[in-house]
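As the structure is a computational prediction, the values presented were derived from the model and not from experiment. Reckoned from all heavy atoms, side chains included, excluding hydrogens, waters and symmetry mates. Per chain, numbering begins at 1; letters A, B, ... match sequence-line order.
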Amino acid sequence: MSDTGITTKKRVDFSEWYTETVLKSELADYAPVKGCMIIREHAYAIWEKIQEIFNKKIKATGHKNVYFPMFIPEGFLKKEAEHFEGFVPEVAWVTEGGSSPLEEKLAIRPTSETIMYDAFAKWVRSWRDLPIKINQWCNIVRWETKATKLFLRTREFLWQEGHTVHATSEEAEKEVMDILLEYKDLMEKYLAIPVLIGVKTDSEKFAGALYTTALEAMMPDGKALQMGTSHNLGQNFGKVFDIKFIGEDKQDHYVWQTSWGITTRLIGAVVMVHGDDKGLVLPPKIAPVHVVIVPIPYKGTDPEAIKAKAREIEAKLKEKNLAVVLDDREEYTPGWKFNHWELKGVPVRIEIGPRDLKQKQVTLARRDTGVKCVVKEDDAVSTVETLLEEIQHNLYAKARIALEEKTTTVKSYDEFKKVLSEKGGFLKASWCGSGKCEEKVKEETGATIRLRPFEKEEPIAGCVYCGEKAVEMVYFARSY
RNA sequence: GGGGCCGUCGUCUAGCAUGGAUUAGGAUACAUGCCUGGGGCGCAUGCGAUCCUGGGUUCAAAUCCCAGCGGCCCCA
């Protein structure tokens, strides 16, 4: 038995399983600097899929991609006080160029609001210049002091950050929500991960924003994961960066802005939610490889005939725009290949052996359930297409059930603590709206308010902490 | 923020308690040649280690001590 497979069981030690799965499936590797990771081919291909899907979405609604520098003068960051306070503890600074100290130290962007908005101030003159709707795909650095974890919390990561500038508050509000719903669609339809959406409390909102909307998913260990955020910045940045325009009314107005982002953390979420003891299980819509074909050339049969058939089916699948790998390497046995591609999360495998050849059939195996079936060769392509759809749906359905199973409505603080320690997950509870209660709960249990959901429900009891009159039901959880 | 564990060929690891003789051992991977092939197939040969880094203790350090770097886990 080799140790190239996953040796830790997902249910036994989730954290260890996660790390092992990420490393052995070759999604990522550690880099020499603490908290930094190498995103390897397989993960980068998934990231490119996410980019492709999201680019298509935002371009359809008039957004365009740009690139701003990664160095931000200290003075820029300081302009919006709350923003600076929020980010300064984890900013990495460049203080020297070559061997001479810089006159003003430069932040390596932790996010690009300030450097972009300085430019926006120059670009915006008239209402005719609005809206600005741009996005950039880039790396950012946040010098984490807490424990880091592959994909979920690293000091450098990749993301997209969208930034828009509008003439009215209403337009900005609509943008925030439009993007949030595009994110939700991306996560549920493509990543097959169900999410809750809502508004962050003041203590959890983006530093400098009016309010932050977010998407939260539930991981199998009962911890929540923030999947993306969409912020309404109001006029906070407009005022400090002096982004003004002359309106149709001939008056000066400050602009209304939004910013929003998703990161490579999503890849970690996919691993956690769908993976199993054999490795990754990738939703077909983001899988870099949809189908792997493994020819099984027994001795005594004609290996060339089997390979030819494999190539024929490969070509047919490619005609349907499916990503196919024909693994005809001779140095590995079929069993080895099965394990290898399962580790990589390929949704469907096709086996073609002498038995299949003789009976004009192929054997199909699906990654999510492990079920094998035999179909007529002529039906192979259409069956694969059906299977891919089924797998996509099945993964989402399973994750949906898991989310529901890990969501508990609690009435009292005792019940809250009991459920949190025994089962974790989302705790739906009444809240009075006080930041103090929120803070106390965090101190005492480690759980925070993940969301104030958009779907409002009447409080079922007094505030879960103080017992006073509650204003709404919110979702608490421990989180990554 | 608090606590704990860990670092030895590419990878996983034995050795460390009780310092010295294992030539730092094994497995796996890799290379070559055979053999195979429907769930990590087998045989042979070969290649492969600054024992994380720096200091200290000692006649002697992979082993003990200190610091740093890096990784993991748990708690809040």
Side-chain angles (χ1 to χ4, degrees), chain A residues 1-8 12-26 28-38 40 89-90 143-155 221-223 276-279 292-307 309-310 327-344 346 349-359 361-367 369-374 416-417 420-422 424 438-448 476-480:
Chain A
M1 183 62 188
S2 77
D3 66 344
T4 47
I6 311 293
T7 57
T8 310
V12 174
D13 187 343
F14 183 74
S15 279
E16 191 59 37
W17 168 86
Y18 173 77
T19 303
E20 200 183 342
T21 300
V22 167
L23 294 174
K24 288 196 171 158
S25 64
E26 297 179 322
D29 205 348
Y30 291 106
V33 177
K34 179 182 167 64
C36 293
M37 67 185 283
I38 299 161
R40 304 185 65 178
E90 50 188 30
W143 208 254
E144 293 289 347
T145 51
K146 289 180 187 166
T148 56
K149 201 175 186 78
L150 293 166
F151 287 113
L152 302 189
R153 176 170 281 116
T154 48
R155 283 181 169 172
D221 60 348
K223 286 164 92 172
D276 65 19
D277 289 343
K278 291 180 164 187
V292 59
I293 303 175
V294 179
I296 302 164
Y298 268 104
K299 187 153 198 181
T301 62
D302 180 4
E304 281 314 311
I306 287 167
K307 269 191 207 171
K309 183 57 71 185
D327 190 352
D328 57 0
R329 292 176 292 179
E330 297 193 354
E331 61 270 34
Y332 296 111
T333 62
W336 190 94
K337 292 175 185 174
F338 296 168
N339 283 293
H340 174 77
W341 293 105
E342 279 165 357
L343 181 57
K344 294 276 191 176
V346 176
R349 178 179 73 239
I350 300 181
E351 303 169 20
I352 304 172
R355 219 153 59 205
D356 302 302
L357 196 64
K358 195 188 289 175
Q359 299 180 38
Q361 64 183 30
V362 296
T363 301
L364 301 179
R366 54 189 283 182
R367 177 65 181 88
T369 59
V371 172
K372 280 195 192 189
C373 66
V374 175
F416 181 100
K417 287 186 282 193
L420 187 67
S421 66
E422 285 173 7
E438 181 188 12
E439 182 58 28
K440 280 289 180 189
V441 171
K442 183 179 179 180
E443 266 176 39
E444 292 172 20
T445 69
T448 51
F476 286 86
R478 288 203 180 113
S479 69
Y480 277 100

B/rU63 versus B/rA24 - spacing of their C1' atoms, nearest Å: 12 Å

Suppose you measure atom C1' in B/rG20 against the same atom in B/rA62; what distance do you get, rounded to whole Å? 13 Å

For A/R366, check salt bridge (charged side-chain N to carboxylate O under 4.0 Å, His left out) against everything at least two apart and list the hits. A/D368, A/E390

With pairs defined as Watson-Crick or G-U wobble and both distances under 3.5 angstrom, please note down RNA chain B as a dot-bracket string, | for pairing with another strand. (((((((..((((......[....)))).(((((.......))))).....(((((..]....)))))))))))).

Is there a donor and acceptor pair closer than 3.5 Å between the side chain of A/R349 and the base of B/rG39? yes

Contacts of A/E144 meeting salt bridge (charged side-chain N to carboxylate O under 4.0 Å, His left out) (sequence neighbours excluded), chain-then-number -> A/R153

Treat primed atoms plus P, OP1 and OP2 as sugar-phosphate and everything else as base, then score nucleotides 67-73 of chain B 5' to 3': B for base contact with protein heavy atoms under 4.0 Å, S for sugar-phosphate contact only, - for none. ---SSSS

Could you tell me how far B/rA49 sits from B/rA29 if I compare only their C1' atoms? Round to whole Å. 15 Å

Excluding sequence neighbours, so at least two apart, what forms ring pair (Phe, Tyr, Trp, His ring centres under 6.0 Å) with A/F151? none

Is there a side-chain contact between A/I296 and A/D356, using heavy atoms and a 4.5 Å cut-off? no

Please give the distance between the C1' atoms of B/rG26 and B/rU8 as a whole number of Å. 13 Å

Taking 4.0 Å as the cut-off, does a side-chain nitrogen or oxygen of A/R478 come that near to OP1 or OP2 on B/rA76? yes

In whole Å, I'd like the distance from the NZ atom of A/K372 to the C1' atom of B/rG39. 7 Å

For nucleotides 1-3 of chain B, tabulate all protein N/O to nucleotide N/O atom pairs closer than 3.5 Å, reporting atom names and distance.
none

State which residues pass side chain to side chain contact (heavy atoms under 4.5 Å, CB included) with A/D276; sequence neighbours excluded, sorted by chain then number. A/K278, A/V281, A/R367

Roughly how many Å apart are B/rC12 and B/rG56, using the P atom of each and rounding to a whole number? 31 Å

A/K149, NZ atom: more than 12 neighbouring heavy atoms under 6.0 Å: yes

Can you find a donor-acceptor N/O pair under 3.5 angstrom joining the side chain of A/E342 to the base of B/rG39? yes

With A/Y30, which residues qualify under ring pair (Phe, Tyr, Trp, His ring centres under 6.0 Å), at least two apart? none

Residue-phosphate contact under 4.0 Å: A/T333 side-chain N/O, B/rC41 OP1/OP2: yes

Can you name the side chain to side chain contact (heavy atoms under 4.5 Å, CB included) partners of A/T21, sequence neighbours left out? A/I6, A/W17, A/V271, A/L280

A/R349: what forms a salt bridge (charged side-chain N to carboxylate O under 4.0 Å, His left out) with it, not counting sequence neighbours? A/E342, A/E351

Could you work out, with side chain to side chain contact (heavy atoms under 4.5 Å, CB included) as the rule, every residue matching A/E330, not counting sequence neighbours? A/K307

Tell me, please, which residues at least two apart from A/E422 pass side chain to side chain contact (heavy atoms under 4.5 Å, CB included). A/K418

